[in-house]
> 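Below: one structure in structure tokens.
Everything numeric here is computed off the predicted structure, so don't read it as measured data.
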Amino acid sequence: MRIRDNWNRPVCSVPGERVDIMERFTDDYNWTFKFTGRVIKGVINMGSYNYLGFAQNSGFCAEASAVVLQQYGGGVCSTRQEMGNLDKHEELEHLVAEFLGVDAAMTYGMGFATNSMNIPALAGKGCLILSDELNHASLVLGARLSGATIRIFKHNNMQSLEKLLRDAIVHGQPRTHRPWRKILILVEGIYSMEGSIVRLPEVIALKKKYKAYLYLDEAHSIGALGPNGRGVVDYFGLDPRDVDIMMGTFTKSFGGAGGYIGGSKVLIDYLRKHSHSTAYATSMSPPVAEQIITSMKCIMGADGTSLGRERVEQLAENTRYFRRRLTEMGFIIYGNSDSPVVPLMLYMPAKIGAFGREMLKRHIGVVVVGFPATPIIESRARFCVSAAHTKEMLDEALSKISEVGDLLQLKYSRHHFVPLLDRPFDETTYEETED
């Protein structure tokens, strides 16, 4: 309750690289908030998942969506199986399949429901789900709803996963010791609280060795990773057909809403008949579908420009620069050096509120995270880097982060950073300081 003012801040502008936030105050210890009538303008947005900067109210995506809004209207008011199957949805699904390099794809109006409603269609009683301990709530809910047996392996730990796989095959189901009907491994591309990237080549090797199925959730990695922006499979240079079920969302890199599942034609045809989100959910809004189509074509270079590729490259450059500078300053940063999700460790729960408020005073909007989303003593601030951030914006944000870091004593790292002139800029060299 004491730190509730750090969340649900009302934004009254385009949620792009800079936002306007309505100022609030409380006179009853955060139970209720009132507006002062003032607006905090030009706050640098370091919290949105706007990885490729497609959250805009101008430009070709917004214009194309406006044309479709005129033509089709805002809503569809029916499910895909009844009167809600538009040519835009068909076009989007063909494009997604081409983008991912798979045989077929299926799209849904909500990203969370893509996981929670489709995993029960893929696994059931007598099946075993092996889930990473840091998987997103939607994957956890989907696994629980399926009725399958769930076993958890340590985060990104291949020894732990292999041990579970071996035990599952040796012992089979509890009590009867019959073999499991199927074994499904659930992993994410980028873990949104850790900033770590899944060790996909090793997961695929284990999946093939033990004849399991792999479900890959690319919510944060699609568009944001890989030389062509095609996610974690592209990042490692693997064959997309080695992943049985490729899932992702359009809410982050594409600036839209909804999710998709890609895979073999057999899988997609099965889901069209058996998935709850196909049968009961209203289909995607046409302007949103158009926003995704235009942004995806832009990333693929199908619009005849190199703008999409430039954005993917800009994001990779911004990510490496931002992570390197924070490490040089002496902050403890989690995750992979190529991940645009950058968790900065605060550790003390009391510093959550202080960091969020001090950053807003300095016109930087950040997301602070505490229990239950993280362990109680691993509170953190999570920055999301965007291709829309200019170097000046990042430098301004970094100087303010450094200032607040000194104020709140957040520079916990005991590594002394040694700049070397002959090293590539994204590799960090350390030497231990004398205690």
> Quick one: closest heavy-atom pair of G53 and A388, and the distance?
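Looks like CA-CB, 4.0 Å.
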
> Would you say the side-chain atoms of Q56 pair up with the backbone N or O of G16, donor to acceptor, closer than 3.5 Å?
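Pair absent, no side-chain N/O of Q56 close to backbone of G16.
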
> Tell me if the CZ atom of F60 is crowded by more than 12 foreign heavy atoms within 6.0 Å.
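Yes - once you tally the heavy atoms of other residues, nucleotides and ligands closer than 6.0 Å, there are more than 12.
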
> So is R311 actually on top of F54's ring, under 6.0 Å and inside 45° of the axis?
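Satisfied, under 6.0 Å and within 45°.
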
> Just so I know, are the side chains of H363 and I44 near enough to count as touching, which here means a heavy-atom distance under 4.5 Å?
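A side-chain contact under 4.5 Å is absent here.
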
> Once rounded to the nearest 0.5 Å, what's the spacing between atom CD of E82 and atom SG of C77?
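SG of C77 is found 12.5 Å from CD of E82.
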
> Under 6.0 Å from the CZ atom of R166, do we count more than 12 heavy atoms belonging to anything else shown?
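Result for CZ/R166: open.
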
> Residues in side chain to side chain donor-acceptor pair (under 3.5 Å) with S48, at least two apart?
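Partners of S48 under the side chain to side chain donor-acceptor pair (under 3.5 Å) test: N45.
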
> Let's go through M345 and Y334 carefully: what are the C-alpha distance in whole Å and the side-chain angles of both, what is the deciding distance for side-chain contact (heavy atoms from CB on, under 4.5 Å) to 0.1 Å, and is it a yes or a no?
CA-CA 8 Å; M345 301 311 292; Y334 274 9; 3.7 Å; yes

> With rounding to the nearest 0.5 angstrom, report the CG to OG distance, D395 to S402.
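D395 atom CG to S402 atom OG measures 12.0 Å (nearest 0.5 Å).
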
> Please tell me if the side chains of L100 and V233 come closer than 4.5 Å, counting only heavy atoms from C-beta onward.
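No - every pair of side-chain heavy atoms lies 4.5 Å or more apart.
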
> Quick one, L398 with L326, criterion side-chain contact (heavy atoms from CB on, under 4.5 Å). Give me CA distance, side-chain angles, the key distance, then yes/no.
CA-CA 7 Å; L398 285 160; L326 284 176; 3.7 Å; yes

> Verify the distance criterion only: is there a donor paired with an acceptor across the side chains of N50 and E17 at less than 3.5 Å?
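Side-chain D/A pair, N50 to E17: absent.
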
> May I ask you to decide if S339's main-chain N or O and R323's side chain share a donor-acceptor pair within less than 3.5 Å?
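Answer holds: yes.
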
> Counting only heavy atoms not in Y280, do more than 12 fall under 6.0 Å of its OH?
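No - once you tally the heavy atoms of other residues, nucleotides and ligands closer than 6.0 Å, there are 12 at most.
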
> Can we say D242 and K208 salt-bridge, meaning some charged N sits less than 4.0 Å from an Asp/Glu carboxylate O?
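Yes, D242 and K208 are salt-bridged.
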
> What's the verdict on side-chain contact (heavy atoms from CB on, under 4.5 Å) for C12 and V39, showing C-alpha distance, side-chain angles and the deciding distance?
CA-CA 8 Å; C12 55; V39 172; 3.9 Å; yes

> Could you tell me whether a side-chain N or O of N318 sits under 3.5 Å from a main-chain N or O of S386, the two making a donor and an acceptor?
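Pair found, side chain donor or acceptor close to backbone of S386.
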
> Please confirm whether the backbone N or O of L186 pairs with a side-chain atom of N135, one donor and one acceptor, at under 3.5 Å?
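Side chain of N135 to backbone of L186: a pair is present.
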
> Are Y321 and H389 packed together at the side-chain level, in the sense that at least one heavy-atom pair is separated by less than 4.5 angstrom?
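SC-SC contact between Y321 and H389 ruled out.
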
> Please confirm whether the backbone N or O of R309 pairs with a side-chain atom of S306, one donor and one acceptor, at under 3.5 Å?
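No; zero donor-acceptor contacts below 3.5 Å.
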
> State which residue, out of I268, L184, I119, fulfils the side-chain contact (heavy atoms from CB on, under 4.5 Å) condition with I245.
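Only one option passes, and that is L184.
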
> Scan for ring pair (Phe, Tyr, Trp, His ring centres under 6.0 Å) pairs involving residues 61-95, sequence neighbours excluded, and state none if there are none.
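Output for this query is empty, none listed.
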
> Can you tell me how far apart CG (N118) and CE (M106) are? Round to the nearest 0.5 Å.
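These two atoms lie 7.5 Å from each other.
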
> Thinking salt bridges, do D269 and K273 make one under a 4.0 Å N-O criterion?
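A salt bridge is absent here (no side-chain N lies under 4.0 Å from a carboxylate O).
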
> Can you tell me if R272 has over 12 outside heavy atoms packed within less than 6.0 Å of its CZ?
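Enclosed.
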
> May I ask you to test the K211-I169 pair for a side-chain heavy-atom distance under 4.5 Å?
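They are not in side-chain contact.
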
> Kindly indicate whether the side chain of F99, heavy atoms from C-beta on, has any atom under 4.5 Å from the side chain of I299.
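Heavy-atom side-chain distance check passes, below 4.5 Å.
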
> Is there a donor-acceptor pair closer than 3.5 Å between any side-chain N or O of E93 and the backbone N or O of T107?
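Yes, the answer is positive, given that a donor and an acceptor are paired below the 3.5 Å cut-off.
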
> Does G42 offer a backbone N or O that forms a donor-acceptor pair with the side chain of D20 under 3.5 Å?
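Yes, the answer is positive, given that a donor and an acceptor are paired below the 3.5 Å cut-off.
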
> Before you tell me yes or no, could you show the steps for T114 and I261 under side-chain contact (heavy atoms from CB on, under 4.5 Å), namely the whole-Å CA-CA distance, both residues' side-chain angles and the distance that decides it to 0.1 Å?
CA-CA 8 Å; T114 307; I261 282 190; 3.8 Å; yes

> Can you tell me if N8 has over 12 outside heavy atoms packed within less than 6.0 Å of its CG?
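Open: at most 12 neighbouring heavy atoms sit under 6.0 Å from CG of N8.
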
> Does the plane of the ring in H274 sit parallel, tilted or perpendicular to the ring in Y270? Use 30° and 60° as the thresholds.
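Answer is parallel, since the angle falls under 30°.
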
> So which heavy atom on M247 is nearest to which on G111, and how close?
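That closest heavy-atom pairing would be CE-O, 3.8 Å.
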
> Return the minimal non-hydrogen interatomic distance between S146 and P120, and the atom names on each side.
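Of all heavy-atom pairs spanning S146 and P120, the closest is CB-CA, 3.7 Å.
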
> How long is the gap from CZ on F33 to CE on M22, to the nearest 0.5 Å?
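Answer rounded to 0.5 Å: 13.5 Å.
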
> Side chains of L214 and L200: closer than 4.5 Å at any heavy-atom pair?
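With C-beta onward as the side chain, the pair touches.
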
> Is there a side-chain contact between Y51 and H220 (heavy atoms, below 4.5 Å)?
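The answer is yes; the side chains approach within 4.5 Å.
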
> Would you confirm whether E188, through its side chain, and H136, through its main-chain N or O, come within 3.5 Å as a donor-acceptor pair?
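Present.
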
> Can we say D244 and K207 salt-bridge, meaning some charged N sits less than 4.0 Å from an Asp/Glu carboxylate O?
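Looking at K207 together with D244, the answer is yes, because their closest N to O distance falls below 4.0 Å.
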
> One thing to verify: whether D5 and R357 come together as a salt bridge, which I'm taking to mean a side-chain N less than 4.0 angstrom from a carboxylate O.
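Salt bridge between R357 and D5, a charged N being under 4.0 Å from a carboxylate O: yes.
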
> Can you tell me how far CD1 of I376 sits from CZ of F371, rounded to the nearest 0.5 angstrom?
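The CZ atom of F371 sits 5.5 Å away from the CD1 atom of I376.
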
> Where the side chain of R380 meets the backbone of E378, is there a donor-acceptor pair that is under 3.5 Å apart?
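A pair under 3.5 Å: yes.
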
> Once rounded to the nearest 0.5 Å, what's the spacing between atom CZ of R325 and atom OG1 of T327?
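It is 10.5 Å, given to the nearest 0.5 Å.
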
> Measure across S116 and L145 and return the closest heavy-atom pair with its distance rounded to 0.1 Å.
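Smallest interatomic distance, heavy atoms only, reads O-CD1, 3.7 Å.
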
> For the residue pair Y260 and F250, does the interplanar ring angle fall in the parallel (under 30°), tilted (30 to 60°) or perpendicular (over 60°) class?
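Taking F250 first and then Y260, their aromatic rings sit tilted (interplane angle of 30° to 60°).
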
> Identify the heavy atoms of V43 and G365 that sit nearest to each other, and give their distance.
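Smallest heavy-atom distance, with atoms named: CG1-N, 3.2 Å.
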
> When you check the side-chain N and O atoms of N156 and Y191, is any donor under 3.5 Å from an acceptor?
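Looking only at side-chain atoms, Y191 and N156 do not form any donor-acceptor pair under 3.5 Å.
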
> So which atom in M193 and which in P343 form the shortest heavy-atom distance, rounded to 0.1 Å?
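In this case the closest contact between M193 and P343 is O-CG, 3.5 Å.
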
> Given 3.5 Å as the limit, does a donor-acceptor pair link the side chain of W7 with the main chain of V368, or not?
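Yes, because the side chain of W7 sits within donor-acceptor range (under 3.5 Å) of the backbone of V368.
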
> More than 12 non-hydrogen atoms from neighbouring residues, nucleotides or ligands closer than 6.0 Å to CE on M83, yes or no?
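Check fails, neighbour count at 12 or below.
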
> Hey, does I292 have a side-chain heavy atom less than 4.5 Å from the side chain of V96?
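Counting from C-beta outward, V96 and I292 never come under 4.5 Å.
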
